[in-house]
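Below is one structure, written out as structure tokens; comments come after it.
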Amino acid sequence: MSAADSLNADKAANKKVENNVQRDIGASDMAHIVLTFDNNRLAKALFGQFDEHLARIEQVLGVDIRSKGNQLTIRGEGAATQQARRALDELYSQLQKGREISLSDIDGTLKMSVAADDQLSLPTLESKSKLFSAQISTRKKTIFARTPTQDAYMRALDRSELVFGVGPAGTGKTYLAVAHAAQLLERGLVERIILSRPAVEAGERLGFLPGDMKEKVDPYLRPLYDALYDMMPAEKVERALTAGVIEIAPLAFMRGRTLAHSAVILDEAQNTTSMQMKMFLTRIGEGSRMIVTGDPSQIDLPNGQVSGLVEALRVLEDVENIVTVRFSEKDVVRHPLVAAIVGAYDRAHEKVSLKHKTPEN
């Protein structure tokens, strides 16, 4: 074998080859696709232990997948087989880039693959033959959109200076916001990251907690710390916190500041008052990006007090250059039970609302 032939063989070792795409005779709405993966190690990771990844794809899409060595045969309804092929293609591509995949990655990729049949990818009209998911890359990891709403959210973060991400727990609102901020910092597009939550209403309760100021507020801000350490090496996070490049503070300490050249995130925004929300939004300065996340269904304010988030979504609805992305139970990526719980509560609240509505005369 010549040197050129050897080089071409090496390049082919990590490529997926589609051997055959054909229709079953006598079943116009059925199809089968045969895929061959030349890298046996990656194929094994793609199939999962005891083919558990393939079983999940079968369960979700209603197709039949048979494996023989490093070859797969996918049979089923035409659209479903194409969705399975797109998902497998994307997952194999991720493995080629050195990522590990889990069942949650399978679920997310399947959601994106199914959605590709319902809507064209943004920002260009790309072919449906391959998935084009938005992604956020930091030095420590790369995150791909797992649902169409996550995809829209990640693209909005790239384009807009002020983004609202609202919806139930487990949809990745805060995690993706922190990941985006870390990406901006690493690329030198901002000078600081500022993370805030309405840990207390106006600061009065801090005195009743033990420890210094950092120890008082840390329990409230722990989710933001967790996301940061997931995106950046621990030693870099510690240095940035010490140097003030990353600042984590309760909302009450934002008054009077102008936050220029910063990525600013307000989490749990449903628990802000109207005054606090207006105060926070008017802190944005030159070269800054602001992200506001929250769940309007989990407001902990005293009865009768209007949520600053709910009010802001209404007041700013028609303001240009402000983007609102709304997540739903379909976007929950934490655990299947979380989506079921969110859905059950939403249905219960709808029944209560209908029960208390006054009939029209």
Side-chain angles (χ1 to χ4, degrees), residues 90 94 104-105 107-116 118-124 126 131-138 141-187 189-190 193-197 223-224 226-228 230-231 263-270 280-281 284 288-298 309-310 312-313 316-317 319-335 338-339 342 346:
E90 172 63 19
Q94 292 181 25
S104 61
D105 295 310
D107 291 338
T109 305
L110 287 173
K111 288 181 181 178
M112 294 296 295
S113 183
V114 171
D118 301 325
Q119 60 184 32
L120 291 175
S121 300
L122 297 175
T124 58
E126 292 126 340
L131 295 182
F132 291 86
S133 302
Q135 64 183 59
I136 297 173
S137 297
T138 66
K141 69 187 304 182
T142 298
I143 303 166
F144 294 87
R146 291 186 176 182
T147 71
T149 308
Q150 281 196 354
D151 187 82
Y153 184 54
M154 292 162 73
R155 294 180 190 275
L157 294 177
D158 273 334
R159 299 172 180 173
S160 303
E161 293 179 334
L162 175 54
V163 177
F164 286 86
V166 296
T171 52
K173 305 182 302 296
T174 301
Y175 189 80
L176 293 176
V178 174
H180 180 70
Q183 176 182 262
L184 293 177
L185 183 65
E186 287 188 351
R187 294 181 179 180
L189 299 177
V190 297
I193 295 175
I194 300 175
L195 309 175
S196 184
R197 297 180 83 179
L224 301 177
D226 292 342
L228 268 178
D230 213 17
M231 297 302 142
V264 191
I265 300 173
L266 174 61
D267 189 33
E268 297 290 343
Q270 75 274 5
F280 177 80
L281 294 176
I284 190 169
S288 287
R289 296 294 186 94
M290 187 171 280
I291 309 166
V292 179
T293 66
D295 180 1
S297 71
Q298 295 194 46
L309 175 61
V310 173
L313 293 174
L316 304 177
E317 183 177 7
V319 177
E320 292 185 6
N321 302 321
I322 297 177
V323 178
T324 299
V325 179
R326 299 181 184 274
F327 295 83
S328 71
E329 63 182 271
K330 296 179 181 178
D331 300 299
V332 172
V333 295
R334 186 174 292 169
H335 189 285
V338 177
V342 171
D346 287 345

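Electrostatic pairing of Asp107 and Lys111 does not count as a salt bridge here, judged by no charged N lying under 4.0 Å from a carboxylate O. Using a cut-off of 4.0 Å between Lys/Arg side-chain N and Asp/Glu carboxylate O, Asp105 and Arg146 are scored as salt-bridged.
With values rounded to the nearest 0.5 angstrom, Asp226 atom CG is found 11.5 Å from Thr174 atom OG1. The distance from the NE2 atom of His180 to the OG atom of Ser137 is 12.0 Å, given to the nearest 0.5 Å. With rounding to the nearest 0.5 Å, the separation of CG in Leu266 from OG1 in Thr293 is 7.0 Å. Note that CZ of Arg155 is 12.5 Å distant from CD of Gln150, once rounded to the nearest 0.5 Å. Atoms OG1 and CZ, on Thr171 and Arg326 in that order, are 13.0 Å from each other to the nearest 0.5 Å. Taking CZ from Arg159 and CE from Met154, the interatomic distance works out to 12.5 Å, rounded to the nearest 0.5 Å.
Side-chain atoms of Val178 and Leu224, non-hydrogen and from C-beta on, do get closer than 4.5 Å to each other. Side-chain contact check for Ile136 versus Met231: every heavy-atom pair is 4.5 Å or farther apart. Inter-residue side-chain proximity for Tyr153 and Ile291 is flagged as met; some heavy-atom pair is nearer than 4.5 Å. Taking the side chain as every heavy atom from C-beta outward, Phe144 and Glu90 approach each other to under 4.5 Å. Looking at heavy atoms from C-beta onward, Ser328 lies out of side-chain contact with Thr149 at the 4.5 angstrom threshold. The closest side-chain heavy-atom distance from Leu309 to Val292 is below 4.5 Å.
Scanning both residues, Ala181 and Ile265, for their nearest heavy atoms gives CB-CD1, 4.0 Å. Residue Pro296 comes nearest to Val310 through the heavy atom pair CB-CG2, 4.1 Å, listed as atom of the first residue, atom of the second, then distance. The shortest heavy-atom contact between Leu184 and Ala263 is CD1-CB, 4.3 Å. For Tyr175 against Ile143, the heavy-atom pair with the smallest separation is CE2-CD1, 3.6 Å. Minimum interatomic distance between Ala156 and Val325 (heavy atoms only, all atoms of both residues): CB-CG2, 4.2 Å.
Not a single donor-acceptor pair under 3.5 Å links the side chain of Gln183 to the backbone N or O of Thr138. Looking only at distances, a side-chain donor or acceptor of Lys173 sits under 3.5 Å from a matching main-chain atom of Pro168.
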| task | Applying side-chain contact (heavy atoms from CB on, under 4.5 Å), run through Leu189 and Arg289 and close with a yes or a no. | result | CA-CA 10 Å; Leu189 299 177; Arg289 296 294 186 94; over 6 Å; no

| said: Applying side-chain contact (heavy atoms from CB on, under 4.5 Å) to Val264 and Ile284, what does each step give before you reach the verdict? | reply: CA-CA 8 Å; Val264 191; Ile284 190 169; over 6 Å; no

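Every residue two or more places apart in sequence or in another chain that forms a side-chain hydrogen bond (donor to acceptor under 3.5 Å, both in side chains) with Gln298 is listed here: Asp295. Applying the side-chain hydrogen bond (donor to acceptor under 3.5 Å, both in side chains) rule to Gln270 yields the partners Glu268; only residues at least two apart in sequence or on another chain are considered.
Screening Val323, Thr324, Leu281, Asn321 against Leu162 for a side chain to side chain contact (heavy atoms under 4.5 Å, CB included) leaves a single residue, Leu281.
Around the CD atom of Glu161, the shell of radius 6.0 Å holds no more than 12 heavy atoms that belong to other residues, nucleotides or ligands.
With no hydrogens or angles considered, a side-chain donor-acceptor pair links Thr147 and Asp331 at under 3.5 Å.
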